[in-house]
Amino acid sequence: MPAKSKAQQKAAGAALSAKRGDTPKSKLKGASREMVDSMSEKQLEAFAKGSRKGKPEHVD
């Protein structure tokens, strides 16, 4: 399930970094903080990977 916007992709990348221990969880904000608890590492990888080219910044 790929992300539908650049913002979703960035949030998933930040959550993945925290899940792997590269970034402290306390540094996360908003959606990425929720994603790290509710999604597995594999789900976050699938959400964060892929090109951002052509995706909208935000989806309503």
Side-chain angles (χ1 to χ4, degrees):
M1 161 176 78
K4 295 184 180 187
S5 72
K6 292 177 186 178
Q8 286 177 335
Q9 218 168 9
K10 289 176 190 177
L16 182 59
S17 177
K19 184 80 106 175
R20 291 180 173 164
D22 298 332
T23 304
K25 190 177 170 188
S26 61
K27 297 265 183 189
L28 298 178
K29 297 178 184 175
S32 57
R33 182 168 272 190
E34 293 173 21
M35 285 178 163
V36 76
D37 291 328
S38 65
M39 296 174 79
S40 71
E41 188 171 334
K42 198 168 202 164
Q43 288 175 314
L44 289 170
E45 283 176 5
F47 219 69
K49 77 176 185 180
S51 175
R52 289 188 185 149
K53 189 173 185 179
K55 290 186 178 169
E57 187 61 41
H58 293 278
V59 175
D60 295 327

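Computed over heavy atoms, backbone and side chain alike; hydrogens, waters and symmetry mates excluded. Here the structure is a predicted model, which is why all the values come from computation and not from measurement.
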Return yes if some donor-acceptor pair links the side-chain N/O of Gln8 with the main-chain N/O of Lys4 below 3.5 Å, else return no.
-> yes
Non-hydrogen atoms of Ala18 and Val36 that approach each other most closely = CB-CG2, 4.1 Å
Going by atom type alone, with no hydrogens or angles, which donor-acceptor pairs under 3.5 Å involve a side-chain atom of residues 21-29 and a protein atom two or more places apart or on another chain?
from  : atom 1 : to    : atom 2 : distance (Å)
Thr23 : OG1    : Ser17 : OG     : 2.5
Lys25 : NZ     : Asp37 : OD1    : 2.8
Lys25 : NZ     : Asp37 : OD2    : 3.2

Taking Lys19 for the side chain and Met39 for the main chain, is one N or O donor matched with an acceptor at less than 3.5 Å?
-> yes
Roughly how far, to the nearest 0.5 Å, is the CD atom of Gln43 from the OG atom of Ser38?
-> 8.0 Å
Look at the side-chain heavy atoms of Ile, Leu, Val, Met, Phe, Trp and Tyr, link any pair under 4.5 Å apart, and say whether Leu16 and Phe47 land in one connected group.
-> yes
Results of side chain to side chain contact (heavy atoms under 4.5 Å, CB included) for Ala31 - residues two or more places apart only | Ala11
Any donor-acceptor pair under 3.5 Å linking the side chain of Gln9 with the backbone of Lys49?
-> yes
